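Keep in mind that this is a model prediction, so the values were computed, not measured.
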Amino acid sequence: MRPLLFTALWLALGSGLVLAKPKPKADSAAGTHAHSVEELTVAARPSLVTVTQIGRGGSQEALGTGFIISTDGLIATNLHVIGNARRIKVQLSDGSMHEVTEVHATDPTLDLAIIRIGKKDLTALPLGDSDSIKQGQPVVALGNPQGLEFSVVEGVISASGRWKGPT
């Protein structure tokens, strides 16, 4: 089964993933429909991960959500989740634990980190076009906020274009 294509996807700071629910196309001959929250959740779950920062004493220092962005082990998460950690672990949706082998890239302004694990053949979450989202469009947020394992919430896009960082 191929993962569903999503209109928009981005990391919501500290809370998890936000998926915009696709609008049905005007031409319904192709059999397209707006995906339910349940369908989006089932499709996205294999691509969601829990990221844990391990402190010097071996204890958990931070916990957050991430998502697989490439089949070869790249994962997006928040920079504040990994901090300056020397050791970071990733738990996949199947429960398996993996050490982060590399911090591939970071952006403090966006609070974004791209990390890599050694596992291959992962299920990457398809990314959509964030420029196409509209105010009032329904969205689903998935993640691991405050250690609440795999939470799901539905809402709407309240506004866009709030970020006033460098262009």
Side-chain angles (χ1 to χ4, degrees), residues 3 6-21 37 40-41 43-119 122-133 137-167:
F6 304 105
T7 302
L9 165 72
W10 65 96
L11 200 57
L13 300 180
S15 62
L17 306 178
V18 179
L19 305 171
K21 294 170 65 177
V37 172
L40 290 171
T41 301
R45 189 168 190 144
S47 303
L48 299 181
V49 302
T50 300
V51 180
T52 306
Q53 179 191 138
I54 308 298
R56 289 181 186 244
S59 63
Q60 175 184 306
E61 296 287 322
L63 179 70
T65 303
F67 61 95
I68 300 165
I69 58 174
S70 72
T71 61
D72 66 348
L74 282 180
I75 295 168
T77 189
N78 292 108
L79 182 56
H80 74 264
V81 170
I82 68 165
N84 294 318
R86 298 172 193 260
R87 190 168 165 215
I88 306 163
K89 288 188 171 188
V90 170
Q91 182 177 8
L92 301 178
S93 64
D94 66 6
S96 63
M97 295 292 287
H98 303 272
E99 295 280 337
V100 169
T101 59
E102 159 187 41
V103 176
H104 185 73
T106 62
D107 186 328
T109 305
L110 296 175
D111 189 28
L112 178 66
I114 306 298
I115 57 179
R116 182 184 301 276
I117 61 174
K119 185 159 175 62
L122 299 171
T123 303
L125 193 64
L127 300 179
D129 179 6
S130 61
D131 289 336
S132 69
I133 63 171
Q137 183 177 359
V139 293
V140 176
L142 308 165
N144 187 22
Q146 305 297 312
L148 182 59
E149 189 174 317
F150 199 75
S151 68
V152 180
V153 66
E154 183 177 22
V156 298
I157 300 291
S158 62
S160 61
R162 286 186 184 173
W163 184 67
K164 301 295 184 201
T167 55

> Could you state the interatomic distance from CG (L125) to CD1 (I75), rounded to the nearest 0.5 Å?
Replying inline: 12.0 Å
> Got a sec, which residues hit side-chain contact (heavy atoms from CB on, under 4.5 Å) with I54, two or more places apart in sequence or on another chain?
Replying inline: T52, R87, K89
> Can you list every salt bridge (Lys or Arg N to Asp or Glu O under 4.0 Å) pair that touches residues 57-69, not counting sequence neighbours?
Replying inline: none
> For D107, which residues count as a salt bridge (Lys or Arg N to Asp or Glu O under 4.0 Å) partner, sequence neighbours excluded?
Replying inline: none
>> According to side-chain contact (heavy atoms from CB on, under 4.5 Å), who are the partners of V152, at least two apart in sequence or on a separate chain?
In response: V37, T41, V140, L142, F150
>> For the CD atom of Q137 and the OG atom of S158, what is their distance to the nearest 0.5 Å?
In response: 12.5 Å
> Which value, rounded to the nearest 0.5 Å, describes the distance between I115 atom CD1 and E99 atom CD?
Replying inline: 11.0 Å
>> Given 3.5 Å as the limit, does a donor-acceptor pair link the side chain of S47 with the main chain of T123, or not?
In response: yes
> Mind checking what makes side chain to side chain donor-acceptor pair (under 3.5 Å) contact with E102, not counting sequence neighbours?
Replying inline: R116
>> Restricting to side chain to side chain donor-acceptor pair (under 3.5 Å), what partner residues turn up for T71, sequence neighbours left out?
In response: none
> Between L92 and I117, is any pair of side-chain heavy atoms under 4.5 Å apart?
Replying inline: yes
> Under the side-chain contact (heavy atoms from CB on, under 4.5 Å) test, which residues partner N84, sequence neighbours left out?
Replying inline: none
> So how far is it from I69 CD1 to H104 NE2, rounded to the nearest 0.5 Å?
Replying inline: 7.5 Å
>> To check you understand the geometry: which heavy-atom pair defines the closest contact between L79 and P108, and what is its length?
In response: CD2-CA, 3.6 Å
>> As a test of understanding, state which of V103, L74, T106 forms a side-chain contact (heavy atoms from CB on, under 4.5 Å) with I114.
In response: L74
> Can you list the residues that meet the side-chain contact (heavy atoms from CB on, under 4.5 Å) rule with V81, with sequence neighbours excluded?
Replying inline: V51, T77, N78
> If you look at every heavy atom in S93 and P46, which pair is closest and at what distance?
Replying inline: OG-CA, 3.4 Å
> Where is the tightest heavy-atom contact between V49 and F67, given as atom of each residue plus distance?
Replying inline: CG2-N, 4.0 Å
> Can you name the closest pair of heavy atoms from D129 and S132 and give their distance?
Replying inline: O-OG, 2.7 Å
